[in-house]
4 protein chains.
Amino acid sequence: MNRKREVQSSVKDESLIAKRRAQMIRGAVTLFKEKGFHRTTTREIAKASGFSIGTLYEYIRTKEDVLYLVCDSIYDEVHARFDALDIEKGSLEVLVTAIGHYYGLIDDMQDEFVVMYQESKSLPKDALQYVLNKEMEMVSLFEGLLADCAESGEVKLSPKEITLAAHHLFVQGQMWAFRRWALRDFTIEEFIELQTQFLLQGMAGEKITIQGVK
Amino acid sequence: MNRKREVQSSVKDESLIAKRRAQMIRGAVTLFKEKGFHRTTTREIAKASGFSIGTLYEYIRTKEDVLYLVCDSIYDEVHARFDALDIEKGSLEVLVTAIGHYYGLIDDMQDEFVVMYQESKSLPKDALQYVLNKEMEMVSLFEGLLADCAESGEVKLSPKEITLAAHHLFVQGQMWAFRRWALRDFTIEEFIELQTQFLLQGMAGEKITIQGVK
Amino acid sequence: MNRKREVQSSVKDESLIAKRRAQMIRGAVTLFKEKGFHRTTTREIAKASGFSIGTLYEYIRTKEDVLYLVCDSIYDEVHARFDALDIEKGSLEVLVTAIGHYYGLIDDMQDEFVVMYQESKSLPKDALQYVLNKEMEMVSLFEGLLADCAESGEVKLSPKEITLAAHHLFVQGQMWAFRRWALRDFTIEEFIELQTQFLLQGMAGEKITIQGVK
Amino acid sequence: MNRKREVQSSVKDESLIAKRRAQMIRGAVTLFKEKGFHRTTTREIAKASGFSIGTLYEYIRTKEDVLYLVCDSIYDEVHARFDALDIEKGSLEVLVTAIGHYYGLIDDMQDEFVVMYQESKSLPKDALQYVLNKEMEMVSLFEGLLADCAESGEVKLSPKEITLAAHHLFVQGQMWAFRRWALRDFTIEEFIELQTQFLLQGMAGEKITIQGVK
DNA sequence: TATGAATGAGCGTTCATTCAT
DNA sequence: AATGAATGAACGCTCATTCAT
């Protein structure tokens, strides 16, 4: 399994750690979104979190820990939401619900997702691996759902097509967070509706051939 | 129009400027890909370019200029390729050709595209605007093609659906550069084939309704 | 006289102060020996002493106080030992006994002596002066013993030679603590024996002249 | 052999490196003597050297490098002086000359020696090893000279006594640098004269026994 | 009395940029 | 036009010390 990395803290009171880190994550996300991880200083993070630089370092060991904490908290939320869905076996209906929830989550946590996608490359190796694994878990979840649909005959997709479709789906989710400036005219509901349509049709229809294309 | 930003140089000889900047871009892309813009030092760029730090600064004014030069050169290439296509009016066939060329280009310039998407946020405001405009030009090109298809009745899409489809298309292109680690099993030809299929079916089929979904 | 510096404590109970400071000294010596005064943190001292950082500061005012306490405790021990000797008047025999006891003490408290010699320069001015005075007392004790021997005719030494011999003696003691890595082959008994021999012969013999030396 | 550690510099001009490092060493020795290695900041070193903090770091990689450079320069000087002596085979006369030169050197470079002895423990492991080896070379030189004297019958010393005498000699040298405050009344010539006397008598005389000493 | 979370001055180090040669 | 030594602002991080509980 994908073992959670421990972020060391010299403070012992666990609930205090949780509270301070929540402050930290909130402050850091705003800053990272605005200026990026590298242009944000630890002093700024401390200030935005509402405490001093010294206190910040009571709860983390390195600046990168803050970024990791941000990424980790996103996946905690993702899991919380999906667990609430209580999925057993995939079907077109379940898939559509899952997509809706996933895109809804991204809408709720736009800043966090943008930060994660833009800045995760600055994570130390092991933390990056952890985050990528989490991402893969997410994609696999969709793959599983699609595979169930394929098995039950609801959709006709080869294994490769399933893989691609799952990534496709995942990436379109990112698009909502990333390209808001380009999608100002859409509500999240419209976006979900249209994306779902595209996807279902893309999977369902007959193969199409255009003649004369290289 | 989107006016090209001038990057100041204290050197007069235009052809020398072009030569040195080409060296610079080649060196910088590799470094930016490997370590990101912020972790790359100007000294490293100079070294990778084959000249001294002093010389580097004869051809640019700030480190960000290098990033801008990289981004700009990508779009020069994009334009060169698309101009060669000599498109007049859109049709499904033309659209499919354009997609193929676009994805092919991304495949050829993977490193450059990754750098651009990952690091462009570090550009100074005006340069970022310029690059985003370039991106919008690209998306608009696809929108134009799709609109032509809609007009001629080849596809049935509302204006909003056209916008979304164009972005969709554009983002799937990025995916090829970005998520290569997840798409190791695919060749670029397969990828183009499958993506095109998805798109065409997604646009062509009847609307699908899943009942019981919120 | 050399007045003992008061180290402030906010705790009133004198016996508790003594107990806590003893814990502190034991912990600190080990740490100072291992990593030096500057590389040792107050938190580490607290931990090694068996109490919290807050408690540590109930018994001292500054980190340097700990160092002072260490140095002071060494001289307390030195005095305790020499008082037990109950010296009245010097003679060669008494001198030899004193040397033996002094070197034996250094052997027993090697770590403490090394710390004192290596780190005492980090003491605040007045504390350093106090410690240097203590050291001078020690040297004077030997000077006194030597002077007695000179007076009684047991050795032939000018006042200047006495001074130098006393320092000599003192410094050779330090050597035992300091250069243990170079003296692995010697036992403390051998060392005392040989040093005493050297000293006595050095003082007793006829003056030697080497001709032709500039 | 004891390979010289390379201290990295980003400057290429070797003679400039030598010049700047000489400035650095001169400045640093004064500061280290005054306040110790740990209490001296790199900015102070830069200032005392006559250049900026940025320039300082063009010639070293870490603060510890400065300390190493100081220690290394001392032994360069030691070697230069001893090589000039052109010793072939030991004799009492040669030994006395060597001692005189060694103590003379220490007198000339008092500050440097004090810094080396007080602060070398702050060197990184490999550098410390290098310096200790240099020290051992020095001691061995005296051991060699003494062994030659023993062989030729000029002195009667067992191998162990030779070892101890060499260390003894070496440590008395340190004393001159270290305990100047206690030896204000002596000139270096007196000191050399008396120490040599002590040593020669210590080695030459008959064994002395004090009765009644435990 | 004992605790440990909070503080912020200060440190070592980096690196974009300049400019004399 | 090319070089690379010099600069210093700014960063990440530490740790002695305080003080509310």
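In what follows, chains carry the letters A, B, and so on, assigned in the order in which the sequence lines appear, proteins first and then strands, with residues in each chain numbered from 1.
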If you define the side chain from C-beta out and look only at heavy atoms, does anything of V66(B) sit under 4.5 Å from V7(B)? no
Upstream residue (5' side of DNA chain F) when G50(D) and F51(B) are each assigned their closest nucleotide: F51(B)
Begin from the C-alpha positions of D72(B) and K134(B) and carry the test salt bridge (Lys or Arg N to Asp or Glu O under 4.0 Å) through to its verdict. CA-CA 9 Å; D72(B) 194 36; K134(B) 284 285 183 186; 5.4 Å; no
Considering only heavy atoms from C-beta outward, does the side chain of Y75(A) approach that of V131(A) to under 4.5 Å? yes
Evaluate the ring planes of F37(A) and F32(A), with Trp represented by its six-membered ring, and classify them as parallel (under 30°), tilted (30 to 60°) or perpendicular (over 60°). perpendicular
I60(A) or E58(D), whichever maps to the more 5' nucleotide of DNA chain F: E58(D)
Contact class for T55(B) vs. all strands (heavy atom < 4.0 Å): base, sugar-phosphate, or nothing? base
When you measure from every atom of DNA chain F, which of residues 5-24 of chain B have a heavy atom less than 4.0 Å away? V11(B), K12(B), D13(B), L16(B), R20(B)
I53(C) CD1 - dT17(F) P separation (whole Å): 9 Å
The side chain of S52(A) lies closest to which of these nucleotides: dG12(E), dT7(E), dT14(F)? dT7(E)
Taking the side chain as everything from C-beta on, heavy atoms only, tell me whether V114(A) gets closer than 4.5 Å to V29(A). no
Would you call E64(C)-R39(D) a salt bridge at under 4.0 Å N-O? yes
Distance, rounded to the nearest Å, where F37(D) contributes CZ and dC11(E) contributes P: 13 Å
Nearest whole Å is fine: how far is dC15(F) P from R61(A) CZ? 13 Å
Dot-bracket for DNA chain F, 5' to 3', counting Watson-Crick or G-U wobble pairs under 3.5 Å, with [ ] for crossing pairs and | for inter-strand pairs? .||||||||||||||||||||
Students often get this wrong, so: under 4.0 angstrom with heavy atoms, is T41(B) touching a base, only sugar-phosphate, or nothing? sugar-phosphate
From OH of Y59(D) over to C1' of dG12(E), roughly how many Å is that when rounded to an integer? 20 Å
Determine whether a donor-acceptor pair (N or O, by modelled atom type, separation under 3.5 Å) exists between the side chain of S9(C) and the backbone of V11(C). yes
Given dA5(F), dC13(F), dG4(E), which nucleotide is nearest the side-chain atoms of R43(A)? dC13(F)
Separation of dC13(F) atom P from K63(D) atom NZ, nearest Å, is 19 Å
Using the closest heavy atom to pick a nucleotide of DNA chain E for each, name whichever of R39(D) or G54(C) lands nearer the 5' end. G54(C)
How many Å lie between CD1 on I45(D) and C1' on dC11(E), as a whole number? 12 Å
Quick one: do K4(B) and D76(B) make a salt bridge, cutoff under 4.0 Å? yes
With a cut-off of less than 4.0 Å, is there a side-chain N or O of Y57(A) near OP1 or OP2 of dT14(F)? no
Salt bridge check, R20(C) against E58(C): does any charged N sit closer than 4.0 Å to a carboxylate O? no
Rounded to the Å, how far apart are L67(A) CG and dG12(F) P? 13 Å
Would you kindly give the CD-to-C1' distance between E44(A) and dC11(F), to the nearest whole Å? 11 Å
Are any side-chain N or O atoms of Y68(C) and backbone N or O atoms of R5(C), one a donor and one an acceptor, separated by less than 3.5 Å? yes
Look at T42(D) and dG12(E) and indicate whether a side-chain polar atom (N or O) is within less than 4.0 Å of OP1 or OP2. yes
